[in-house]
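First the structure, in the form of structure tokens, and then the observations on it.
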Amino acid sequence: MADKIVAVVGATGSQGGGLCEAILNDRNGGFACRAITRDPDKDKARALASRGAAVVRADLDDRTSLERAFAGAHGAFCVTNFWEHFSADKEKAQARNLADAARITGLKHVIWSTLEDTRKLMAPDDTRMPMLQEKYRVPHFDAKAEADAYFSGLPVTFLVTSFYWDNLYTFGMAPKKGDDGVYRWTLPMGNSRLAGIAAEDIGKVAYGIFKAGRQYVGRTVGIAGENLTIDEMGRKLSKALGIGPIEYNPVEPDAYRGFGFPGADEMGNMFQVYRDFEGEVLGARSVDAARLLNPDLMTFEQWIAKNKARIPL
Ligand SMILES: NC(=O)c1ccc[n+]([C@@H]2O[C@H](COP(=O)([O-])OP(=O)(O)OC[C@H]3O[C@@H](n4cnc5c(N)ncnc54)[C@H](OP(=O)(O)O)[C@@H]3O)[C@@H](O)[C@H]2O)c1
């Protein structure tokens, strides 16, 4: 039987890239990778093509291009990239294009990479954090959650993801060394645990979901690699990298929102959700569920060992 084609949105990125790797590394797994990008000539796309992926051009802003990219496929992995534009409305419009294209092309299994609606955790008049973009608490969470509705009626699995540890080197979120030589990690997380994951494991879990097939259709799967406090993460980093102690500097979310880097208000709100609603956030994610779907799921220590050279410490 011919391999089932999975059309992978974000194939050149973290989540989709992990899924492409998983498919390409499992030659007899019964699935083929169709990697979607806006630019088939970019290095990452060429690398995927050289390893056997079919690389197809499409743009999330252009539904017709997505229909072409999904045509004839068994399934699609759908992800949007909020951080390219910082707009909840745009993220929702792109998600709608994905869902519409999946419906029109009659896909058998769609995975929508989503997050929870953080507005449900607080009353509308709760003043602990500002509303952003008029009506969101954490726009990149809430917009994805709103977009869940577009996928309704499709054979969809909602994949609720976690904080990538990879943010330490991709988003500049690693501890910083002060002029006094001491490493400090400034985050508004209090002593709450952060649901974290190696970004590549998200794609590997998605592959497990496609392989498991129908039993995951209509389900929401929340995943994490390990839930650790910032203090615990700092101790593991300092030990594994053989550097001095990392002092955790637990600032208030308001201070963090005021740091002024692009998206500081959004990140401040997000960490405050992780801090103030630890039980709800961790309860929506399961390390066991992730490991069942991806037996190679990494712990934070394993992730550090693999990514040592990239962590700027
Ligand atoms: N960082 C975290 O901790 C974290 C945690 C949970 C969820 N997330 C969510 O993850 C999402 C980003 O996923 P990622 O980290 O896998 O992305 P990424 O590594 O930043 O790469 C972005 C991917 O999206 C594709 N893309 C962006 N705009 C596109 C468009 N208009 N048309 C077609 N493809 C487009 C890019 O493809 P080309 O450039 O090749 O076209 C690229 O493959 C964000 O929405 C974020 O909220 C992040």
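Fair warning: this is a prediction, and the values are worked out from it, not measured in the lab. Indexing begins at 1, ligand by ligand and atom by atom, following the structure's order.
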- Is the closest heavy atom of A58 to ligand 1 under 4.0 Å? yes

- Task: Identify which of W83, Y164, F82 has a heavy atom lying nearest to atom 10 (O) of ligand 1.
- Result: Y164

- Message: Counting only heavy atoms closer than 4.0 Å, does ligand 1 sit against the backbone of A199, its side chain, both, or neither?
- Response: neither

- Query: Where is the nearest protein heavy atom to atom 44 (C) of ligand 1: which residue, which atom, and how far?
  - Reply: T80 O, 3.3 Å

- Task: Would you give the length of the straight line joining atom CD1 of I304 to atom NZ of K239, rounded to the nearest 0.5 angstrom?
- Result: 10.0 Å

- Query: With a cut-off of 6.0 Å (strictly less than), are more than 12 heavy atoms of other residues, nucleotides or ligands near CG of D43?
  - Reply: no

- Query: How far apart are the C-alpha atoms of D100 and R103, what are their side-chain angles, what is the distance that settles it, and do they pass the salt bridge (Lys or Arg N to Asp or Glu O under 4.0 Å) test?
  - Reply: CA-CA 5 Å; D100 288 348; R103 194 168 283 110; 3.6 Å; yes

- Message: Rounded to the nearest 0.5 Å, what separates atom SG in C78 from atom OH in Y150?
- Response: 14.0 Å

- atom 29 (C) of ligand 1: nearest protein contact (heavy atom, Å): R38 CZ, 3.3 Å

- Task: Under 4.0 Å from a heavy atom of Q94: give me the atoms of ligand 1 that qualify, with their elements.
- Result: 31 (N)

- Item | Region of N81 that comes within reach of ligand 1 [heavy atoms, distance under 4.0 Å] | both

- Item | V79: numbered ligand 1 atoms lying under 4.0 Å from its heavy atoms | 13 (O)

- Task: List the closest protein heavy-atom neighbour of atom 17 (O) of ligand 1: residue, atom name, distance to the nearest 0.1 Å.
- Result: S14 N, 4.1 Å

- CA sep, side-chain torsions, deciding dist, call: W83, F171, ring pair (Phe, Tyr, Trp, His ring centres under 6.0 Å): CA-CA 10 Å; W83 300 108; F171 258 61; 5.5 Å; yes

- Message: Please check whether G13 reaches ligand 1 - meaning an N/O of the residue sits under 3.5 Å from an N/O of the ligand, judged on distance alone.
- Response: yes

- Query: Which residue supplies the protein heavy atom nearest to atom 42 (C) of ligand 1, what is that atom called, and how far is it?
  - Reply: T12 OG1, 3.3 Å

- Note on the structure: Quick note on ligand 1: atoms under 4.0 Å from a heavy atom of F163 include exactly 3 (O)

- Mark up the atoms of ligand 1 that fall under 4.0 Å of a heavy atom belonging to E91, in ascending order. 45 (O)

- If you measure only the distance, is there a donor-acceptor pair under 3.5 Å linking the side chains of N227 and R285? no

- Message: Counting non-hydrogen protein atoms only, what is the nearest one to atom 31 (N) of ligand 1? Give residue, atom name and distance.
- Response: D59 OD1, 3.0 Å

- Item | salt bridge (charged side-chain N to carboxylate O under 4.0 Å, His left out) partners for E84, two or more places apart | R38

- Query: atom 16 (O) of ligand 1: which protein heavy atom is closest, and how many Å away?
  - Reply: Q15 N, 2.8 Å

- Message: Taking K204's backbone N and O only, do any of them form a donor-acceptor pair with N294's side chain (distance below 3.5 Å, no angle check)?
- Response: no

- N/O of D39 under 3.5 Å from N/O of ligand 1, yes or no? no

- Note on the structure: Quick note on ligand 1: atoms under 4.0 Å from a heavy atom of S162 include exactly 5 (C), 6 (C)

- Note on the structure: In terms of its nearest heavy atom to atom 33 (C) of ligand 1, the top option of T37, L60, N97 is L60

- Message: I'd like to know if K44 contacts ligand 1, where contact means a heavy-atom distance under 4.0 Å to any ligand atom.
- Response: no

- Query: Among R275, R257, R128, which one satisfies salt bridge (Lys or Arg N to Asp or Glu O under 4.0 Å) with E252?
  - Reply: R275

- Message: The criterion is side-chain hydrogen bond (donor to acceptor under 3.5 Å, both in side chains); which residues satisfy it with R96, sequence neighbours excluded?
- Response: none

- Query: Should S113 be listed as contacting ligand 1, given a heavy-atom distance under 4.0 Å as the test?
  - Reply: no

- Just distances here: any N/O of N167 and N/O of ligand 1 closer than 3.5 Å? yes

- Donor + acceptor pair across side chains of D26, Y207 (<3.5 Å): yes

- Item | ILVMFWY network linking Y183 to M173, side-chain heavy atoms under 4.5 angstrom | yes

- Task: Check whether any side-chain heavy atom of Y248 sits under 4.5 Å from a side-chain heavy atom of L187, and report yes or no.
- Result: yes

- Item | Short side-chain donor-acceptor distance under 3.5 Å, Q272 and Y256 | no

- Query: Among all protein non-hydrogen atoms, which one is nearest to atom 25 (C) of ligand 1, and what is the separation to 0.1 Å?
  - Reply: G10 CA, 4.0 Å

- Please could you name the atoms of ligand 1 that K144 approaches to less than 4.0 Å, counting only its heavy atoms? 44 (C), 45 (O), 46 (C), 47 (O)

- Looking only at protein heavy atoms, what sits closest to atom 6 (C) of ligand 1 is T161 OG1, 3.1 Å

- Query: Is E146 paired with K135 through a side-chain N to carboxylate O contact shorter than 4.0 Å?
  - Reply: no

- Check ligand 1 against K42 and write out every atom of the ligand that is under 4.0 Å from a heavy-atom position of the residue. 38 (P), 39 (O), 40 (O)

